[in-house]
Amino acid sequence: MKWSQTLIPTLKESPSEAEIDSHKLMIRAGLIRRITAGAYAYLPLGTLVLNKVINIVREEMNKAGAIEVFLPALQPLNLLEESGRLNVFGDDLITFVDRHGKTTALCPTHEEMITDIVRNEVNSYRQLPMTLYQIQTKFRDETRPRFGVLRSKEFIMKDAYSFDVDYEGLNKSYKLMYDAYCRIFDRCGLDYIVVEADSGAMGGDVSHEFMVPSGVGEDILIRCLKCGYSANRERAEVAPIPGENRSSLNPLKEVHTPAKRTIQEVSAFLKVSPDRMVKTMIYISNGQPVAVLLRGDHEVNETKLTKVLGLENAVLADQNTIEHITGAHVGFAGPVGLNIKIIADQAVSVLQNFVTGANKSDMHLLNVNHERDFKIDRIANVRYVTKGDKCPKCNNVLDVSQGIEIGHVFKLGTKYSDALRAKFLDNSGVEKSAIMGCYGIGVNRIIASFIERSHDENGIIWSLSLAPYHVIVIPVNVNDPDSMNAANNIYDELKNDAGIEVLLDDRDQRPGVKFKDADLIGIPIKIIIGKKFTENKEIEIKLRKTGETFLVKPEDVKSKVKSFIDTLSKA
RNA sequence: CGGGGCGUAGCGCAGUUUGGCUAGCGCGCCUGCCUUGGGAGCAGGAGGUCGGAGGUUCAAAUCCUCUCGCCCCGACCA
């Protein structure tokens, strides 16, 4: 492609709409333009990259035995009603009323639709196992789209769904997808890690998230850098905190803490650090109030709490309920004298002489100790991991960092096949629900997260596999016939060689502009026809990533480029 | 959905507090000259319903009311 014949609108200045590096660079390098909040147009360069990613995904899916389908973006509401997810999606669902007055949704995901197809078309174990996938735009009315294509209202997702006759089959299908995901992200050149994620109410095996470590990621990763344990924040376990010496229980003491409600306020007022304090949170579960005790510097993990309490989800009690139960204003709850069920986090169970609310307004208690002052009904692990916590497997200090979720593999079981009655007859003629798995990849996120990890002050640094072009040919002076001739020859020669994608910067621009643009759009290999050529017929080859330069004779350019492509494709 | 901010040329911004002549600057764009190894220089030029509607006023980018859009923080995120 010749630069003058395509559309690559690069920008010198950063657009004000962008906050993070990948977003800025995608706009500056002319990959995307925003159309409205959460919706982006892919320009020619962006489209090339998008297609690179999609091709890799498609190849690896096919290799893993998955079958591609293409499903509508329009979905009737009744399928979502059937599965019970109409309420789950709620306002995230984008709907419209058609001319006949029927309400239709734009698919936020396709579990229901794919299950609907399978229940209609698959009736026998002989047709299973089967994994279907598609690459399609999904629509969600995100409350707050941000970070460019990292969180947008419409985004391209590869979603696959496996159907098996039993759990053993599901495990095989799952493994095939898991391995395919590794190959996909490897081929893209992404630095990624796999973390255990919560599998929700299904129980059973864990799911896995594929994450790109990044400070702009919206997910929190808990990792042990020693033994390799890794999980997301919802899922991560901690090693129990060892008990303190219980020999010296100080006498219980009530203190006046006027209008000091939060841990920070009480901590500052009493000069007691938050990890010597216990906060008491009143939850309602199955219609019954429960007190949850957490150390002052810890946060409740509602996913874990819900599991501990049973399947019924737990919600924080409202102000009136709290005041009725504790007899005090919000902010002064404590376990002493409280006559409801008390669940204590493990970290609380080993504390002694701690500070809590007194269940009297403007009062706290010092030197509280369980057993002596109150009784714990149940000790459980209901908090998030924080800095300083130890690995549940090897007791090393856990690393807390952020990441961007680019893929998720998930064992669904029979949740949707039950709800939507996707059944088949097994080899003994018994009707069974298909055992499902679902597997998603955020295609746009691969691009953004790659750029987050691979850029410098001059621009994007593409891997060979994602680069919109492998090579950019830069004739420094397009008005010099000899240079231009040589450039055109090299361009033709490389272009006609299968597998080499080449861009010719034929613009009549000053060299600085062309070099800056080439760096900004991140083409891995630059071929420069300039001073060295007019002087002694030498062509310069420069690598974007390392900045290394090589001088070669015109007739050797092709073989040299091919060897670079060979090397870079293995990197 | 709560809190904050912004909307002036394709992009980045000044001007708004304290209303006043033809609305400015940098980049980009067009023409010409010059230049050709890291976003050159000179000269000339095009491009604006100042987000929109209504109001106050002799006079509105500037003040008032309503409205639309966008960004940031938080909540939310199968």
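Convention: sequence-line order gives letters A, B, ...; per-chain numbering from 1.
Rounded to a whole angstrom, the distance from the P atom of B:U18 to that of B:U62 is 14 Å. Atom name P, nucleotides B:C63 and B:G19: the rounded distance is 9 Å, in whole Å. For B:G51 and B:U8, the P atoms lie 6 Å apart once the distance is rounded to whole Å. Spacing of P atoms, B:C68 relative to B:G28, comes out at 38 Å, to the nearest Å.
OP1 or OP2 of B:C11 has not a single side-chain nitrogen or oxygen of A:Arg28 nearer than 4.0 Å. Remark: A:Arg510 is in phosphate contact with B:A40, judged by side-chain N or O atoms under 4.0 Å from OP1 or OP2. The side chain of A:Ser16 places an N or O atom within less than 4.0 Å of a non-bridging phosphate oxygen (OP1 or OP2) of B:C13. Side-chain nitrogen and oxygen atoms of A:Thr143 include none within less than 4.0 Å of the OP1 or OP2 phosphate oxygen of B:C77. Phosphate contact (OP1/OP2 of B:G28, side-chain N/O of A:Lys12, threshold under 4.0 Å): present.
Here the closest non-hydrogen pair linking A:Asn301 and A:Arg233 is ND2-O, 3.6 Å.
Position along RNA chain B of the nearest nucleotide to A:His408 versus A:Asp517 favours A:Asp517 as the more 5'-ward residue. If A:Val476 and A:Phe155 are placed on RNA chain B by their nearest nucleotide, the residue sitting closer to the 5' end is A:Val476.
Across all strands shown, B:G2 forms a Watson-Crick or G-U wobble pair, both distances under 3.5 Å, with B:C73. Applying the Watson-Crick and G-U wobble criteria (two distances, each under 3.5 Å), B:G48 pairs with nothing in any strand. Using N1 to N3 plus N6-O4 or O6-N4 for Watson-Crick, or N1-O2 and O6-N3 for G-U wobble, each under 3.5 Å, B:G7 pairs with B:C68. When both distances must be under 3.5 Å, the Watson-Crick or G-U wobble mate of B:C63 is B:G55. When both pairing distances are held under 3.5 Å, B:C42 makes a Watson-Crick or G-U pair with B:G32.
Here the C1' atom of nucleotide B:G39 and the CG atom of A:Asp508 are 15 Å apart, to the nearest Å. If you take CD1 of A:Ile406 and C1' of B:C77, they are 18 Å apart, rounded to a whole angstrom. The distance from atom CG of A:Asp91 to atom P of B:C1 is 9 Å, rounded to the nearest whole Å. Regarding A:Glu19, its CD atom lies at a distance of 14 Å from the C1' atom of B:G4, rounded to whole Å.
Below 30°, between 30° and 60°, or above 60°: for A:Trp462 and A:Phe450 the angle between ring planes is below 30°, a parallel geometry.
For A:Gln509, the listed nucleotide lying nearest its side chain is B:C29; candidates were B:C71, B:C29, B:U36. Here B:G37 is the nucleotide among B:C76, B:U36, B:G37 with the atom lying nearest to any side-chain atom of A:Lys531. Listed candidates were B:C70, B:G37, B:G38. Nearest to the side chain of A:Pro511 is B:G37.
Cation-pi geometry between A:Lys560 and A:Phe550 is met: under 6.0 angstrom from the ring centre, within 45 degrees of the axis. For the pair A:Lys537 and A:Phe533, the cation-pi criterion (under 6.0 Å, within 45° of the ring axis) is fulfilled.
The base of B:C76 is not paired with the side chain of A:Arg144 by any donor and acceptor separated by under 3.5 Å. Looking at A:Asp480, its side chain has no donor and acceptor atom pair within 3.5 Å of the base of B:U36. Side-chain atoms of A:Glu540 and base atoms of B:G37 include a donor and an acceptor less than 3.5 Å apart. Applying the 3.5 Å distance criterion, the base of B:G38 shares a donor-acceptor pair with the side chain of A:Asp519. Side-chain atoms of A:Glu13 and base atoms of B:G26 include a donor and an acceptor less than 3.5 Å apart. Between the side chain of A:Asn458 and the base of B:G38, no donor-acceptor pair of N or O atoms lies under 3.5 Å.
Taking the ring centroids of A:Tyr40 and A:His23, they lie under the 6.0 Å cut-off.
Panel note: side chain A:Ser449, backbone A:Arg445; a donor-acceptor pair is recorded below 3.5 Å.
Of the listed residues (A:Tyr167, A:Tyr439, A:Phe410), just one forms a side chain to side chain contact (heavy atoms under 4.5 Å, CB included) with A:Tyr174, and that residue is A:Tyr439.
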